[in-house]
Peer 1: 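Before I ask anything, here is the structure I am working with.
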Amino acid sequence: MRIGKRIALLVMVLFVFSIAAAGCGGGTETDDPAGDVIKVGVNVELSGGTASYGTNARDGALLAIEQINKDGGVLGMQLKPIERDNKSIADEAMSISAALVGENIVAQIGPLTSGDVAGSTPVMMENKVPLIAPAATAANVTVDDKTGETRDYIFRVCFIDPFQGTLMAKFAAEDMNATKAVIYCDNSSDYGKGLAQYFEKTFTENGGTILAQEGFVKDDRDFRAALTKIKGLNPDFIYVPGYYQEVAPLIKQARELGITAPIGGCDGWDSPDMVSVAGNEALNNSFFTNHYSSQDKDPQVVEFVEAFKAKYNKEPDAFAALGYDSVQIMVQGLKDAGEADSVKLKEALEKITDFAGITGNMSIDEQHNPVKAGVILEFKDGQQVMKTRIQP
Amino acid sequence: MLEFTQQIVNGLSLGAIYALIALGYTMVYGIIKLINFAHGDIMMVGALVSYFSLTLLGTNIFVAMAAAMIACAVFGVLIEKIAYRPLRNSTRIAALITAIGVSLFLEYFTIFIFGPAQKVFPASAFPIKAYALGGLSVLNKDVFVFVSAVVLMIILQYIIKWTKTGKAMRAVSLDQEAAVLMGISVDKTISITFAIGSALAAAAGVMLGIYYNTVNPLMGIIPGLKAFVAAVLGGIGIIPGAMVGGFVMGLLETMVSGYGNSLYRDAVAFGVLIFILLIKPSGIFGEDTGEKV
Amino acid sequence: MQKVNNKWLKLGIEVVVLAALFTLVQYLITAGLLKQYYQISLASMCINVTLAVSLSLINGFTGQLSLGHAGFMAVGAYIAAIMTNMLDLPFITGILAAMLGAGLAGFIIGVPTLRLKGDYLAIATLAFGEIIRVTLQNIGYVNGPAGIMGIPKFATWPWLFGGAIVTIVVIVNLINSSYGRAIISIREDETASELMGINTTKYKVLAFVVGAGFAGLAGALYAHYFYIIKPETFNFLKSFDILVMVVLGGLGSTTGAIIAAVFVTALTAALQSFPAIRMVLYALILIIVMIYRPQGLMGNKELSLRTFGRIWGGRH
């Protein structure tokens, strides 16, 4: 009898919670009659290790959808986002893609990391629904390694690893006259490792030597051991491909230890937190590759930054900008296709040229990568200053 | 030589942080034999409380730290009352799973309320000064963390060895039933233990905030795990052991990164843990108690 | 005579029920009636059942607290993926190699660590699991943190279902054999069983190796269903997930582990519709279940439906 009571209580509690939950999350769940809306899947990391990336990209994407709907929608219809959390796990990303496809989405935005996109890929390919990845940078996300074939339904709006790694290596060798570099990369992400690989390749091709390669992992906050070692090597350039959460304290500690060499990085650095964590002074003499600058005077960028701040009360980082562009490029594709059909959307996306995104003007190449200009930004007393702009 | 000395300084200051977290961990374990996986997350809550105290209320760092410690002490007692007490007479593994549940709850409830993004701990709260001692870089925060860890350890050791509450704690740790017969309130003693342990976690959280300038909802997972390893290394349940374990961990990680390969840092740290467990399962300071038949 | 008949009858019923279940799902898949989403959930269930049952042998029946199960899963997943994806060997070779490899890893880890008891064993296995992950992260041949991508989808429904059934059958038979009685005696009282002349180390290692081997099987199935594996997938939080299933089901209950694995998978899927609070709800449910049902859903009992006979041949 006691056990019976306990189970009853348990069921009750579960019931109460599911009701409460339905109240919280139910907003986007109501079924509209088909035809009136275009459903867009948002399959992002809202929990787990990369929750902060996914949340920012989601915020950017939802802002874009809100703006488009306010301006009358696309093809006379409103966009309806269906948001799901893949827990930063590839198999969850796959399961969620299948669920979203079952809800007849026209395209999916996300996931963020290359690994989670890979999990989602087979489902999107089988069902012929385009996936637009905001930030999956690994080269083999859109191209099959073995066959060299482009994955039909996978697109992205971000740089790929080879582009940024090469860009920074050339900059270090040619503009900074560096010959002895150290790589200190985010070893827990394919992003950091991928960039490091291409940096090393180009840098050595340009006559430089890599003195050492060190690594940190996500959520590390203490870098002084490796930095002390690097200081002893006395390099004239340090390449730190990784995300700002780790890089900001890393640069701060490097300067505290008296390392004065220039430090280079990548678009993962792009966040207002860089300055607030590392401080103006520490960031001087550091450079990173990016597709845009949030301090850009371009009216489109200014407008995005303002709108984002107004809606979320925080500054957008690179993920937010890329999430925003993912939706915008999809909308462009829908307009070009002339109807809300996944296959036609894919064909339209393949033909996109000179799309004016806030992360740059981009054209989709035959490997479904965006061709867009890169910039090298320098931190000067906390301001991002455009150093060079490089057309691909 | 200079580089080596610098690495020692690096290792000690990293170790001091592990030691601070490990102190609370080991204390809770010592009394109720529960691996409190939520300890790292209580630390995160402490860091958040101090963050809001600094930014919203504009208090100074000492008030912020006191607020965090008091809030977490209350919070720790509540967690124990709600989640752990009903399981006191169940299997330990059930309590362990509950601890995992509490840990997940704290992490994701915080994310639900504040979002997963990191928050920047105001740098003005604790102005950094660097002392250059003949090429050696020592920061005032290094000294601060180190001294705090040592002082807190001494206070704890004093409480446990010499006060009445401490004696009650040891009695409960040794034999709960006998403690009851001696007129000790087990519930009260355990509550006090959780209060002290959680306050220590909060102190460590504030230190982490000062140290690395950021606070985020998942910040407790990795330091929590490392500190737990440190506590086991030193002999879990033993206060000086946690301290020594923390320093050993810090120095070890620093040396692996500095003179070996930073890519294998975590693997080596865990490898040494296994090695120590195998030659002396009760940890560096632990007493080997033969099993009574 | 009656007993023998009963035994065969039970076996017959089991086979019929399972065959019916298998055929039904297979039919739904081939006829295209089962949505892809549900197919993926079913695949997750089979893999989780394999994981939970194999861990329940170690944690539930032998009483050795292991927190490194995801490590063995990783070993199996990587070996199988290397076999099929990189060396182009058939799937069955990959599976067998994965089981052997994970079993071997279990042996290497088990022999030294199983001398430890309780929480010390738990932390040692957790450490080993993390060492496996960090090592994989640093092996260039398997692409480090990026992992192996584009693994062929060999793990069809027959493989998944078969994998789970084989795991259950082998482990239930092991538990019900004389080995099993020795294993359970270790859980009940290690010192006493040693005094009774049971070579406790041998049986603990045996259970550990078998459990690890089947975790390897689960890893192989996982790799060949979910297309990509990377070290991060197999971190200590994954081990916790598996442990949660075993404890929720009830330590020492195979049916409990199966039910809990299915329940947790279904719960995870059901919570997908609440993206913002799915993990909060999951955590709350976990805490509530543990508070009100600390012995797990099944305790150490096996599910026995009188009408169908005792399905898994439980001894209670």
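These values consider heavy atoms only, across backbone and side chains, with no hydrogens, waters or symmetry-generated copies. As the structure is a computational prediction, the values presented were derived from the model and not from experiment. Residue numbers begin at 1 in each chain, while the letters A, B, ... track the order of the sequences.
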Peer 1: Of the backbone (N, CA, C, O) and the side chain (C-beta and beyond), which part of A:Leu227 lies under 4.5 Å from a heavy atom of chain B, both, or neither?
Peer 2: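 Neither the backbone nor the side chain of A:Leu227 comes within 4.5 Å of chain B.
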Peer 1: Let me confirm one number: the CG-CD distance from A:Asp219 to B:Gln118, rounded to the nearest 0.5 Å.
Peer 2: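 These two atoms lie 10.0 Å from each other.
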Peer 1: side-chain contact (heavy atoms from CB on, under 4.5 Å) for A:Val217 and B:Arg265? Distances and angles first, verdict last.
Peer 2: CA-CA 10 Å; A:Val217 295; B:Arg265 183 197 60 199; 3.7 Å; yes
Peer 1: Using a 4.5 angstrom heavy-atom cutoff, name the option from B:Leu139, B:Asn216, B:Ile111 with the most pairs to chain A.
Peer 2: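 With the most close heavy-atom pairs to chain A, the winner is B:Leu139.
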Peer 1: Atom CG in B:Asn213, atom CG in A:Asp273: separation rounded to 0.5 Å?
Peer 2: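 The distance works out to 10.5 Å.
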Peer 1: Minimum heavy-atom separation for B:Tyr108 and A:Gly48, please, with both atom names.
Peer 2: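 The answer is OH-N, 2.9 Å.
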Peer 1: Under a 4.5 Å cutoff for heavy-atom pairs, which residue among A:Lys231, A:Gln213, A:Glu256 has the most contacts with chain B?
Peer 2: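 Top count of heavy-atom pairs under 4.5 Å with chain B: A:Glu256.
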Peer 1: Measure the spacing between OG of B:Ser257 and CZ of A:Phe216 and express it to the nearest 0.5 Å.
Peer 2: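 Answer rounded to 0.5 Å: 12.0 Å.
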Peer 1: Which one of A:Ser276, A:Pro249, A:Ala226 has the most heavy-atom pairs closer than 4.5 Å to chain B?
Peer 2: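 Counting heavy-atom pairs under 4.5 Å, the top option is A:Ser276.
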Peer 1: Going by heavy atoms in the side chains, are B:Glu253 and A:Asp222 under 4.5 Å from each other?
Peer 2: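 B:Glu253 vs A:Asp222: side chains apart.
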Peer 1: Based on non-hydrogen pairs under 4.5 Å, which of B:Ser13, B:Pro122, B:Gly11 is most in contact with chain A?
Peer 2: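 Highest number of heavy-atom pairs under 4.5 Å: B:Ser13.
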Peer 1: Quick check on A:Lys314 against chain B: is it the side chain, the backbone, both or neither that has a heavy atom closer than 4.5 Å?
Peer 2: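 Neither part, no heavy atoms under 4.5 Å.
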Peer 1: Looking only at heavy atoms and a cut-off of under 4.5 Å, which of B:Ile222, B:Thr214, B:Ile221, B:Leu218 has the most pairs with chain A?
Peer 2: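 Most heavy-atom pairs under 4.5 Å with chain A: B:Thr214.
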Peer 1: Would you indicate whether B:Phe275, at its atom CZ, is surrounded by more than 12 heavy atoms from other residues, nucleotides or ligands within a distance under 6.0 Å?
Peer 2: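 No.
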Peer 1: Compare every heavy atom of A:Val277 with every heavy atom of B:Tyr212, then report the nearest pair and how far apart it is.
Peer 2: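 Shortest heavy-atom separation between B:Tyr212 and A:Val277 comes out as O-CG1, 4.2 Å.
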Peer 1: Tell me the closest heavy-atom pair linking B:Gln7 and A:Lys229, and the distance in Å.
Peer 2: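 In this case the closest contact between B:Gln7 and A:Lys229 is NE2-N, 3.9 Å.
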Peer 1: Can you tell which part of A:Asn187 gets under 4.5 Å to a heavy atom of chain B, answering side chain, backbone, both or neither?
Peer 2: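 For A:Asn187, side-chain heavy atoms alone lie under 4.5 Å from chain B.
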Peer 1: Near B:Tyr131 OH, under 6.0 Å, is it more than 12 heavy atoms from other residues, nucleotides or ligands?
Peer 2: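 Count over threshold, so yes.
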Peer 1: Could you check whether atom OH of A:Tyr312 has more than 12 heavy atoms from other residues, nucleotides or ligands sitting under 6.0 Å from it?
Peer 2: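 Yes - once you tally the heavy atoms of other residues, nucleotides and ligands closer than 6.0 Å, there are more than 12.
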Peer 1: Side chains of A:Thr228 and B:Asn10: is there a donor and an acceptor less than 3.5 Å apart?
Peer 2: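 Per modelled atom types, A:Thr228 and B:Asn10 side chains form a pair under 3.5 Å.
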Peer 1: Quick one: which of B:Gly258, B:Pro217, B:Pro223, B:Ala117 has the most heavy-atom pairs under 4.5 Å with chain A, could you say?
Peer 2: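 With the most close heavy-atom pairs to chain A, the winner is B:Gly258.
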Peer 1: Could you look at A:Asn56 and say if it's the side chain, the backbone, both or neither that has a heavy atom under 4.5 Å from chain B?
Peer 2: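 Neither part; nothing is under 4.5 Å.
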